[in-house]
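In what follows, a structure is listed as structure tokens, so that the remarks can point back to it.
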Amino acid sequence: MRPERYNAKEAEPKWQRTWTERDLFRTRNEDDRPKYYVLEMFPYPSGRIHMGHVRNYTMGDVVARYRRAKGFNVLHPMGWDAFGMPAENAAMKNKVHPKEWTYANIATMRSQLKSMGLAIDWSRELATCDPSYYAQQQRMFIDFLEAGLVDRKTAKVNWDPVDQTVLANEQVIDGRGWRSGALVEQRELTQWFFKITDFAQELLDALDQLDRWPEKVRLMQRNWIGRSEGLVVRFALDPATTPGGETDLEIYTTRPDTLFGARFMALAPDHPLSKAAAAQNPALAAFIEECKHTGTALEAIEKAEKNGFDTGIRAVHPFDPSWELPVYVANFILMDYGTGAIFGCPAHDQRDLDFVNSIGLGNTPVVCPPDADPATFTITDTAYDGEGRMINSRFLDGMTVEAAKEEVARRLESETRGGRPAAERKVNFRLRDWGISRQRYWGCPIPVIHCESCGIVPVPRESLPVTLPDDVTFDVPGNPLDRHPTWKHVDCPQCGRPARRETDTMDTFVDSSWYFARFTDPHRTESPTDRAVVDRWLPVDQYIGGIEHAILHLLYSRFFTRAMRVTGHAGMSEPFAGLFTQGMVVHETYRDAKGSWVMPVDVRIESEGGTRHAFHVETGEPIEIGSIEKMSKSKLNTVDPDDIIASYGADTARWFMLSDSPPERDVIWTEEGVQGAARFVQRVWRLVGDLAEAASLNASGEGSDGSVSLAIRKAAHRAVAAVEDDVERLRFNRCVAHIYELANTLQDLLARAKASPDPGAGSAFREAGQIFVQLLAPMMPHLAEECWQSLHLPGLAAEAPWPLVDRSLLVEEAITLPVQVNGKKRADVTVARDADQAAIEAAVLSLEAVQRAMEGRPPRKIIVVPQRIVNVVA
RNA sequence: GCGGACGUGGCGAAACUGGUAGACGCAAGGGACUUAAAAUCCCUCGGGCUUGCCCAUGCGGGUUCGAUCCCCGCCGUCCGCACCA
């Protein structure tokens with residue numbers, strides 16, 4: 001007996017059990033069908049899943065289930081980005097060990113994800129905090145070290161005073177730590193670095209091949225890598241003016257063409273020459289000290305006036321020995337870009353102009369814009385950085401900017417200064433090496449040993465992994481590994497004398513830079529990957545995640561894959577062939593009279609005549625409905641996936657996540673929308689019941705023309721073609737619309753079949769019912785199984801191959817074309833599919849509406865766009 | 001400041017990138033069924049009037065037989081980078 005209502009609460013766990021019992025989603029590496037690797041960014045085990053996860057994993061699941069039905073050997077794994085600060089914060093706050101906290105969270109979130117009914121191969125699950133995972137990461141660190149891809153150097157680092165750790169540049173947002181939000185300070189520390197800059201050019205060039213990545217992400221990476229072509233120029237210094245008799249100064253410029261517009265030289269405050277000069281000049285030393293202080297907080301930098309201090313040093317213009325330029329120390333020059341020194345051309349660089357305007361040094365324009373008069377062209381407050389012809393520049397006059405750059409480079413390259421060329425062409429990158437040292441406990445230990453006599457010694461591979469000690473304390477800030485009584489004390493593997501372990505752990509972005517490769521053979525102990533296996537699975541065919549990882553995670557992963565290539569752990573350079581960045585889940589915000597945020601579950605909405613009023617569920621007090629914002633704990637506008645799944649079922653949540661907005665855009669979570677999705681679930685259930693009934697009715701209609709059965713088949717096959725096209729382009733909202741459309745059409749046809757019996761309708765409905773369920777299956781898999789069963793179809797919906805489109809059903813014998821007169825639609829005309837131009841023209845001109853619109857004028861031209869439109873020009 | 005994206009009904013959005021603007025959903029209104037409600041089903045739903053015609057895709061121009069789509073100039077919203085020489 002088929003129940004009237006579909007009960008998701010019973011059906012969902014039942015089908016999840018069935019899939020598990022049949023081991024349906026286990027992927028075998030030996031399977032030789034074409035592979036398809038779909039991956040969603042793995043979650044950090046923060047405690048509970050949120051709606052953003054639901055959206056992300058639903059999209060991936062649709063792709064996985066669709067590709068499976070299409071006959072691919074699909075890899076769709078799940079794991080945990082399990083190292084990181086929150087576990088230590090929890091340890092400090094709640095006195096629970098990070099390991100315990102993390103694994104408990106994983107257990108909770110795993111069961112939450114399982115309740116979503118995802119087609120995931122859980123046998124490949126991994127957690128980055130597991131020694132079996134980080135052992136392999138340590139192995140690769142040593143391989144990278146031996147391959148020269150790791151560096152240890154002192155560097156000015158971003159120090160997070162709250163987390164007491166170093167942050168990468170990318171982890172500093174608006175001068176604050178990306179996790180703690182604390183103002184970041186600058187400190188000098190010896191750190192471990194991955195030499196990502198070795199691949200700067202390659203990482204940049206390869207972006208052009210990533211044609212299945214969003215243009216936006218590629219652009220962000222391009223900007224981040226920040227390639228610039230320029231010239232390192234050696235200026236001669238007047239030794240009489242320098243602190244230690246220095247004779248030259250290297251600067252970096254991308255505008256050698258503007259050399260005759262030079263007014264000054266400028267050094268970074270921490271440039272060696274600045275320091276040397278400061279040693280003999282207390283006022284300069286004070287100025288440099290001041291720069292350091294304003295240099296920490298980024299807000300200050302933004303507002304800071306351009307400031308400089310004349311060192312008294314004089315430089316000589318490379319093209320004119322009699323031309324002296326003052327050398328300043330300036331607060332706007334960065335030591336770690338270029339050479340930490342520049343020449344200033346105020347007329348064509350805004351920063352230089354702001355600076356000279358504050359000290360009254362003046363400027364000389366040397367590039368004249370095309371529409372300006374060289375005789376009168378002047379610069380006051382706005383520097384000109386566009387194209388033009390050179391002026392006031394001696395032998396460069398009249399040249400274009402490009403030609404002048406080339407001419408200057410050519411001349412200076414061939415000159416020598418102190419036995420070296422006066423200038424060299426130099427490509428510079430904004431990208432810096434990736435500092436991976438973190439002074440934290442809950443991370444992958446860096447497997448090296450510091451020995452007084454042998455220096456830095458890698459931990460021998462046979463003693464890996466270097467595991468984290470369990471007995472640690474979190475009652476004081478700083479690194480628990482460093483203050484552990486015994487852990488760091490170890491004998492040197494080379495000389496056997498007492499030595500010290502590295503107590504820094506790796507940035508957690510290292511963990512997530514290769515998990516996609518590990519999934520291909522996750523339990524392997526002898527090496528990180530099996531080359532044959534990893535080379536078959538990678539690159540990931542479709543990677544799905546948030547735009548917030550556009551730079552950090554994706555760039556690191558691209559570097560890491562290359563480093564794995566160099567060390568023989570993988571054969572490819574790019575980890576992700578297709579990338580999709582999904583939008584956020586947003587929700588209305590609510591506040592009570594006191595201004596406190598109120599959670600959606602505590603709000604009851606009443607609407608009358610289109611206006612909505614909100615009340616507190618318990619107190620009944622009026623609630624103010626606020627703006628729609630990203631779901632966040634601070635604004636309490638979150639909806640718990642567990643609650644939604646408990647009251648509506650996973651399929652409803654999945655359907656709504658896919659239906660409302662294009663996947664790359666934000667989706668607004670609304671109660672009405674969820675209810676609409678829930679209504680549709682029941683409607684599907686009723687419709688499939690009606691189709692099953694209609695399928696078994698073998699109507700013997702006399703004199704039927706078969707139009708109903710043809711219409712049924714056309715609707716079903718058209719829907720398959722449309723859904724197929726849109727799933728492959730990840731346009732899930734359109735898939736949903738096609739399925740609604742098919743449901744509407746089938747419902748109409750059921751009524752029509754009743755009114756005019758058609759002997760073929762039974763089998764057509766049977767076919768349409770099956771197709772309808774198959775189209776639903778990737779999106780609402782549990783409902784699909786229940787429907788599949790009620791249609792008495794063999795096996796499981798999740799195992800059924802994707803329906804084959806009968807292309808002959810997609811073409812119409814007669815087509816209806818819109819008819820325009822002078823570009824305005826006036827009528828429709830129905831003609832045979834293969835009607836020729838003359839026949840269409842005749843049919844169109846005979847239309848009454850066309851004649852009326854022509855007002856007696858003869859047609860001047862008739863444009864017929866085949867299969868599209870007819871336009872009569874009168 | 002530099003770079004990029006986006007502006008379509010009351011709302012989320014479609015429109016095969018030059019070919020019927022508003023598919024599909026939500027909300028709203030009307031009706032049927034019901035003692036009543038829920039559920040379900042049917043109808044209406046961009047605006048205006050003279051009911052077959054105007055006006056409508058942020059605003060103003062342009063190209064075209066034809067523009068939401070291409071070009072130019074504004075206005076607005078969002079995002080990324082930010083003293084990178």
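The figures here come from the full heavy-atom set of this structure, side chains too, leaving out hydrogens, waters and symmetry mates. Throughout, protein chains are lettered first and strands after them, A, B, ... in sequence-line order, and every chain is numbered starting at 1. All values reported here derive from a predicted model rather than from experimental measurement.
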Task: Side-chain (A:E664) to main-chain (A:T581) donor-acceptor, under 3.5 angstrom - done: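 It does not hold such a pair.
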Reckon [X] touches a base, only the sugar-phosphate, or nothing at all at heavy-atom distances under 4.0 Å?
| X | value |
| --- | --- |
| A:I333 | base |
| A:T254 | sugar-phosphate |
| A:D725 | nothing |
| A:E741 | sugar-phosphate |
| A:T670 | nothing |
| A:N744 | sugar-phosphate |

TODO: Could you tell me whether A:K306 sits above the aromatic face of A:F355, with NZ or CZ closer than 6.0 angstrom to the six-membered ring centre and within 45 degrees of the axis?
DONE: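 Verdict for A:F355: no cation-pi partner in A:K306.
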Integer angstrom distance from the [atom1] of [N] to that of [M]:
| N | M | atom1 | result |
| --- | --- | --- | --- |
| B:G9 | B:G46 | C1' | 5 Å |
| B:A13 | B:G25 | C1' | 8 Å |
| B:C59 | B:C75 | P | 15 Å |
| B:A28 | B:G76 | P | 35 Å |
| B:C6 | B:C83 | C1' | 29 Å |
| B:C24 | B:C43 | P | 12 Å |
| B:C54 | B:G1 | C1' | 47 Å |
| B:A27 | B:C33 | C1' | 24 Å |

TODO: Just label B:U44 as syn or anti from its O4'-C1'-N9-C4 or O4'-C1'-N1-C2 angle, using within 90° of 0 for syn.
DONE: anti
Open item on the list: Going by the glycosidic torsion and a 90 degree boundary from 0, is the base of B:G10 oriented syn or anti?
Closed with: anti
Task: A:E215 and A:R222 ion-paired at < 4.0 Å - done: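 A:R222 and A:E215: salt-bridged.
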- [ ] May I ask you to say whether A:K405 pairs ionically with A:E229, meaning some side-chain N is under 4.0 Å from a carboxylate O?
- [x] no
- [ ] Compare all side-chain heavy atoms of A:L817 with those of A:I869 and state whether any distance is below 4.5 angstrom.
- [x] no
TODO: Decide yes or no for A:R255 and A:D349: does some side-chain heavy atom of the first lie under 4.5 Å from some side-chain heavy atom of the second?
DONE: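 Not in contact.
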Open item on the list: Tell me which residues in residues 213-223 of chain A lie within less than 4.0 Å of RNA chain B, going by non-hydrogen atoms.
Closed with: A:K216, A:L219, A:M220
Task: For atom CD1 of A:I815 and atom C1' of B:U20, their distance in whole Å - done: 14 Å
Open item on the list: Rounded to whole Å, please give me the gap between CD in A:E672 and P in B:G12.
Closed with: 14 Å
Measuring to OP1 and OP2 of [N], would you say a side-chain N or O of [X] lies under 4.0 angstrom away?
| X | N | value |
| --- | --- | --- |
| A:R731 | B:A23 | no |
| A:R430 | B:A82 | yes |
| A:R852 | B:C53 | yes |
| A:Y252 | B:A85 | no |
| A:R5 | B:A39 | no |
| A:N822 | B:G66 | no |
| A:R826 | B:C54 | yes |
| A:R679 | B:C26 | yes |

What's the closest nucleotide to the [X] side chain, out of [options]?
| X | options | value |
| --- | --- | --- |
| A:R665 | B:U20, B:A85, B:A13 | B:A13 |
| A:K824 | B:C54, B:C26, B:G19 | B:C54 |
| A:N871 | B:U20, B:G19, B:C83 | B:G19 |
| A:A737 | B:A85, B:C65, B:A23 | B:A23 |
| A:P662 | B:A14, B:A85, B:G19 | B:A14 |
| A:V865 | B:C65, B:G19, B:C24 | B:G19 |
| A:Q747 | B:C41, B:C65, B:U20 | B:C41 |
| A:Y337 | B:C83, B:A85, B:A13 | B:A85 |

Open item on the list: Show, in sequence, the C-alpha distance, side-chain angles and deciding distance for A:Y740 and A:W655, and conclude whether the ring-ring contact (aromatic ring centres under 6.0 Å, His included) test is met.
Closed with: CA-CA 12 Å; A:Y740 269 117; A:W655 184 253; 5.8 Å; yes
Open item on the list: Please verify the inter-ring angle class for A:F235 with A:H317; under 30° counts as parallel, over 60° as perpendicular, anything in between as tilted.
Closed with: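 Geometry flag for A:H317 against A:F235: perpendicular rings.
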Open item on the list: If we count only N and O atoms by modelled type, under 3.5 Å, do the side chains of A:R860 and A:N822 hold a donor and an acceptor together?
Closed with: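 On atom types as modelled, these side chains do not qualify, holding no pair under 3.5 Å.
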Open item on the list: Between A:S228 and A:Y252, do the side chains contain a donor N or O and an acceptor N or O under 3.5 Å apart?
Closed with: yes
Open item on the list: Reading RNA chain B from 5' onward, which residue's closest nucleotide shows up sooner: A:S659 or A:Q675?
Closed with: A:S659
TODO: Select from A:L334 and A:D660 the residue whose nearest nucleotide in RNA chain B is closer to the 5' end of that strand.
DONE: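 So the residue in question is A:D660.
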Open item on the list: Can you list everything that forms a ring pair (Phe, Tyr, Trp, His ring centres under 6.0 Å) with A:H549? Sequence neighbours excluded, please.
Closed with: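 For A:H549, the residues satisfying ring pair (Phe, Tyr, Trp, His ring centres under 6.0 Å) (neighbours in sequence not counted) are A:H553.
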TODO: Taking all heavy atoms of A:A266 and all of A:I333, pick out the closest pair and write down the distance.
DONE: CB-CG1, 3.8 Å
Open item on the list: Please report the interatomic distance OH(A:Y328) to CD1(A:I359), rounded to the nearest 0.5 Å.
Closed with: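 Rounded to the nearest 0.5 Å, the OH-CD1 separation comes out at 3.5 Å.
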Task: Contiguous pairing runs of three or more, Watson-Crick or G-U under 3.5 Å, that involve RNA chain B - done: B:1-7 with B:75-81, B:10-12 with B:24-26, B:28-32 with B:40-44, B:46-49 with B:52-55, B:58-62 with B:70-74
